[in-house]
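For reference, the structure discussed in these notes is given below.
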Amino acid sequence: MHDQPIWAEIDLEAIARNCRYVQSLIPSSSRFMAVVKGNAYGHGSVPVAQTALANGADCLGVARLEEALRLRRAGIQAPVLIFGLTPVSSLTTLLDYDLIPTMASAEMAEAFSDQADRLGVQLPVHLKIDTGMGRLGIGAVPLPGEASAYHPPALAQVQEVCRLPGLRFEGVYTHMAQADADDLTHAKGQIQCFTSLLQDLAAEGLEFPVRHMANSAGVLQLPSSHLDLVRPGLMLYGLSPRPHDPAVTDPLHPAMALKARIAQVKKVAPGFKISYGSTFTTDRESIIATIPVGYADGYFRMLSNAGHMLVHGKRTRIAGRVCMDQAMLDVSHIPDVQAGDEVVIFGSQGTGVLSVDEIAEQCATINYEIVAKLMDRVPRIYTSKRW
Ligand SMILES: *Cc1c(COP(=O)(O)O)cnc(C)c1O
């Protein structure tokens, strides 16, 4: 047993089950890239990557070169695609570590091509097309009034980029903006845009070995987006892109719980003021517990006087402002609370459950942000077997 003041428990078996669930949803001909960017959405990229690779994932996706290097330095050899901007000065690092960057514009591809050509090497890359996310990629969104499913000049632009020396286009992909929506019109438009562009490129003799677009929501809601490879992130962690949709959410197994130990318990008189600004005053004799969690752990200050935690399986409310390293709970209604007792910040305790989704809703954000913001200083404790 550890004696940390605060820790995140990560259930790798839950991640393994979620990975096997992804596999059950996609055709056997589709490959599966586990998205482990952002330290695997806060869950720890190396243990999660190892678990995913042992449970059906073929390759890994990250946002930045540094994230990819961390996987390699841990001995992970699976293919790794970097989604975000990679500086051209990293070309030799990419080759040394066998990493695949994304070419997100003609300019970027030209810069990498020049450098690769100069060194006399072939750099494997994936090409990014913008079909409606408006973020990165060669623009293929049709303009208003254009009859084609894609912006016609994209065809020649892609052909031109693919003729550049020094680059080997192993894959092509796009990213979905609304695959989680109730109305899938935009998502279907993106699928149409991407597949018809690729079809016309193929008719001109340009084919990509791997075509991909599906994030978790695409995996869960849009089989026609599965193509040659899927790229789920969120659902691997047991969180749902549609938390209010039980059909989507119920089969997933949340992998993270955040827990802490009560640092101090005190009985206080009516009129006792708590935390910065004294925004909470007790209206009766109360029992107040101090918890070692604050916004420097990635907990949200917005939960001041509003958020809940579980103590002895029961809900308690935060009293006063959340500080950088501590928050206080009113535990007056719970018998026999002691310093050292376990507090669940999210997760379950006895029959009590406090979900990441509930916290996200209270913070006016999405479940992704709650787990991804968990800081490094919170130790991750892996509770099931490690792969
Ligand atoms: C983050 C990301 C994903 C995974 O998205 P989820 O919604 O977490 O499944 C897939 N592809 C790209 C390019 C991403 O940036």
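Order of appearance sets the numbers: ligands from 1, and atoms from 1 within every ligand.
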Asp376 CG: over 12 foreign heavy atoms closer than 6.0 Å = no

Can a donor-acceptor pair be found between the side chains of His43 and Arg380 at a distance below 3.5 Å?
-> no

Tyr382, OH atom: more than 12 neighbouring heavy atoms under 6.0 Å | yes

Ion pair Arg64/Glu66, N-O distance below 4.0 Å | no

Check whether more than 12 heavy atoms from other residues, nucleotides or ligands sit under 6.0 Å from atom CE of Met375, and answer yes or no.
-> yes

Output for ligand 1, non-hydrogen cut-off under 4.0 Å, lists Val35, Lys37, Tyr41, Phe83, Arg135, His175, Asn215, Ser216, Arg231, Pro232, Gly233, Leu234, Tyr368

Can you establish whether the number of heavy atoms outside Gln77 located under 6.0 Å from its atom CD is more than 12?
-> no

